[in-house]
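Please read the structure below before turning to the comments.
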Number of protein chains: 2
Amino acid sequence: MKKSTTLSDIAIELNMTAATVSRALSDHPEISKSTKEKVKETAKKLNYNPNRIASSLRSGKTNVVGVLIPTAENAFFGSVIHGITKLASKHGYSVLIHECDEDYELEVKGIQTFIGARVDGIIVSLSRNTLNYDHFLEVQKRNIPLVFFDRVPDDLSFPTVVLDAYRGAYQATQHLIDQGYKRIAHIAGPLFIKTFNDRYKGYVAALQANKIPLDHTLMHIGDLSIESGREATRQFLQLAEPPDAIFATEDFTALGVLKELKVNKIRIPEQFGVLGFCNDVFSEHTTPSISTIDQQTYLMGRESFIMLNNMIENGSVKTSEIVKTVIDPILIVRESSMKSGNPA
Amino acid sequence: MKKSTTLSDIAIELNMTAATVSRALSDHPEISKSTKEKVKETAKKLNYNPNRIASSLRSGKTNVVGVLIPTAENAFFGSVIHGITKLASKHGYSVLIHECDEDYELEVKGIQTFIGARVDGIIVSLSRNTLNYDHFLEVQKRNIPLVFFDRVPDDLSFPTVVLDAYRGAYQATQHLIDQGYKRIAHIAGPLFIKTFNDRYKGYVAALQANKIPLDHTLMHIGDLSIESGREATRQFLQLAEPPDAIFATEDFTALGVLKELKVNKIRIPEQFGVLGFCNDVFSEHTTPSISTIDQQTYLMGRESFIMLNNMIENGSVKTSEIVKTVIDPILIVRESSMKSGNPA
DNA sequence: CTGAAAGCGCTTACAG
DNA sequence: CTGAAAGCGCTTACAG
C-alpha cells in the first residue's frame, strides 16, 4: 500500500523543515507569504491530506463527538441525528455513532469506545434498561463534556435537552376538552420512564384545571404499540360509561385506537376523538389523520449539539451551572380530533 | 484537566517498561502469567483506558469506518445505518457518519474528512447531484476500501450492494396483472437515477412478457412526492381510456395516487389497483393499506458492511474481482391491490 | 520472559 | 521569518 504524503515529504521537496510546512498550512502569521504559497502549491501537487490522527494525538483534540442512541431505525432518532450531524459538520466536528439497542451492556461499551477514541464530547439518549449510571460518572470524572437528550437520567447533574412533555400532554388534553369531548381517557406508557410519566401528569393536570374529576377506569397503561392501543380501546368500550376521546401517549398507540374504533364503526372525530404524541411520519397519512404533539426532533438535535459545543469551548464542566434546555411541544391538529372545527 | 492514565503510568507503578505493559494487556504469548495479572490489576486500579488515537497512529489501523449518506432523516437510510452499525460494532469497528444533504460539495468534504481520519473503509450512497466522481477515485488511489450501496455510480469499478429494482418492479407489475387489472399505468422517478430507471424497465418488461402493448399515455414521470402522485392521477383519469391500476415508483407517490382516487370516489382495490415501492413505514397504515416492494434495508446495511470488512481483511482491492451483491425485493401484498384475493 | 529504542505524523515552545 | 528538538501514547523489531 502506497504511503500517504506527509508534512516532511513536502518539506523535503521544498528544502525546509516540517515545522515550517505545518505552520504555513495553518496560516501561521509569522510565515512569509511566499513560503505559504509554495507550501500550499506543493501540498496540492503531492495530494497532501493531513493525518488527523497524528494531529489529534499531539494537540489532544480530536474534533469528534460521540452520539449514543438506542437505535437509528426510528424516525425520532434519525431526525435528531440529522440535527446533530448537520451542525457538527458545520463546526468542523465529525460524528461517531453508537447504537445500544436498548441494551445496557452495549451502552457501557459505547461509552468506553468513545473514551478510548478520545472524543471531544458525548451526546446520549438513555437505553430503556439503564439503571446504573457509573459509566456516565466515569465520563464526568474524565472531564469529557456530556449532554443527555430526551431520555435523560432523573437524578444526575448533567446538562439535558428535553421536550416539555408535561406541557405537550396538557395542551393535548385541553384541546380535546375545547373540542367538546366529555370523557377523556388516557393510554399511558411505562411510567418509570420520565417522559411518559410527565405526559400522564400533564393529562391529569389539564383535567383538574377544567374541574373534570379523575376517573381511574379511564386510565390504561400500555406498551407503546398498535396492539396495546387496540386492547385498551376494547376495554374502554366495555365500560358502563365509556370515554368519548382518548389521548394516547404516542402515535402507534393512537393508531391502534383508530383501528379498533373503526372496527366498531365508531365515527371519528364526530363520536370519538383521538390524539397521539410524537408526530410520527405515518400519523399524517392515516384515515382519518391523527392529531398529535410534535417534538421538534431536528431542533432537539441542534440544541444538543449547541450545548455540547459550548461545554467543549468553555473547557471545564461546572456542576454549579447545569443547563437544561426545554423544547416546546407543538400541537398538530388533524382530523381525528376536529369535532368542532379548526381552532384559531 | 486531569490527564488520563497511560501505559507508562502503569509501568512506573509496577517497575517495568511500557513495552511490557503493552504486551501484557494485549495478551502477548511471551509474557508471564503473573506479570499479566499484575498489569491487568493495576490497569483496572488506575482506571486505564487505552488511547486509541495513539495506537492508531502507530499501527496504521483506526478501526473506524466512514458512512456517507444523503440524510439520516429518512427511514430508508436510518435502517441501513442500523444494519451497518450493529455489525460494525460486533466486529470492533466504530462508525463515523457524514450526511451530505444531496449536496455535491458536502459529499466531497465528507470523503476528505474520512481520508483525514484515516478510516479503514468507507460505505457510500451517492448524493442525487453527484456527476463528478474524482473524490471516489482519490479514495481508490489511496487504496482505501470503498463500497457503494443503493445509489451507486453507473460506470465505476467499485463493489456495490443494490436492490434488484428491475425484478421488484417486474414482480409488482406481474402481481397487478395477476389480480386482473387491465390497464396498468406507471409513475416513474427521475430516470437518470439508475434505480428508478430499472423500476421503469421492470414495469415495461412485465407488460411485454404478458403481451400487453405499451401505451405511452400511461406513463408519467414524477418527482417522488405525494403531490406528484396526485397530479399524475388527475391526468390519467382524464384520458379517454384511463388506467385501472397504477404502479408508483415509491410509496409517497403511491400515497398521492390513493388520496386522489379517494377524492374521486374510486373504490380501491375493486375499481382501481395501487402499488408502491420501498415499504415505507406509513404504507402499512394508510386506508386502504398500500401494497409495495420491500427493499430489505437492514440486510442492505449488513451486506454493505460484510463486503467492506472482507475488503479490509484481504488488504488490497483488486479491480479484477469487483463484487456486486444483489438484494432480493419482496412483494408485500396489502389491501390496495387485492382485487382477486390473496395470492398463495 | 523483559527491556531499550525507534517511530507513527503531527504541533509548538524555544532559539536565533 | 525559520529551524531544531521534544513529545503526544502507543507498538514492535531487535537484543539479551
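Throughout, a chain's letter reflects where its sequence line sits, starting with A, and its residues are numbered from 1. Side chains included, hydrogens not; waters and symmetry mates left out as well; all remaining heavy atoms used.
- Atoms CG (B:Leu7) and C1' (D:dT11) sit 9 Å apart, rounded to a whole Å.
- Distance, B:Ile10 CD1 to D:dT11 P: 11 Å, rounded to whole Å.
- Taking 4.0 Å as the cut-off between side-chain N and carboxylate O, A:Arg142 and A:Glu138 count as a salt-bridged pair.
- For A:Tyr48, a side-chain nitrogen or oxygen approaches OP1 or OP2 of C:dC10 to under 4.0 Å.
- The shortest side-chain heavy-atom distance between A:Lys86 and A:Tyr298 falls under the 4.5 Å cut-off.
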Would A:Lys141 and B:Asn47 count as a side-chain contact (heavy atoms from CB on, under 4.5 Å) if you check the C-alpha gap in whole Å, the side-chain angles of each, and the deciding distance to 0.1 Å? CA-CA 11 Å; A:Lys141 213 187 303 170; B:Asn47 208 4; 4.2 Å; yes
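- The closest side-chain heavy-atom distance from A:Thr71 to A:Glu102 is not below 4.5 Å.
- In this structure, A:Tyr104 has its ring center under 6.0 Å from that of A:His135.
- One can place CD1 of A:Ile53 at 16 Å from C1' of C:dG7, the figure rounded to the nearest angstrom.
- By the 4.5 Å heavy-atom criterion applied to side chains, B:Phe158 and B:Val124 are not counted as neighbours.
- In terms of heavy atoms, B:Arg151 sits closest to B:Ser127 at NH1-C, 3.8 Å.
- If you take CZ of B:Arg58 and C1' of D:dG7, they are 16 Å apart, rounded to a whole angstrom.
- For the pair A:Ser79/A:Gln295, no side-chain contact is recorded, criterion being any heavy-atom separation below 4.5 Å from C-beta on.
- Distance B:Asn63 CG to D:dT11 P: 12 Å, rounded to the nearest Å.
- Here the C1' atom of nucleotide D:dT12 and the CG atom of B:Leu57 are 14 Å apart, to the nearest Å.
- Counting to the nearest Å, the P atom of C:dG9 and the CZ atom of B:Arg118 are 8 Å from each other.
- For the side-chain contact (heavy atoms from CB on, under 4.5 Å) test, residues two or more places apart in sequence or in another chain that qualify with B:Leu299 are B:Gln296, B:Glu303, B:Ile327.
- Sorted by residue number, the members of residues 11-42 of chain B with any non-hydrogen atom under 4.0 Å from DNA chain D read B:Ala19, B:Ser22, B:Arg23.
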Base-pairing string, 5' to 3', of DNA chain D - Watson-Crick or wobble, under 3.5 Å, | interstrand: |||.||||||||.|||
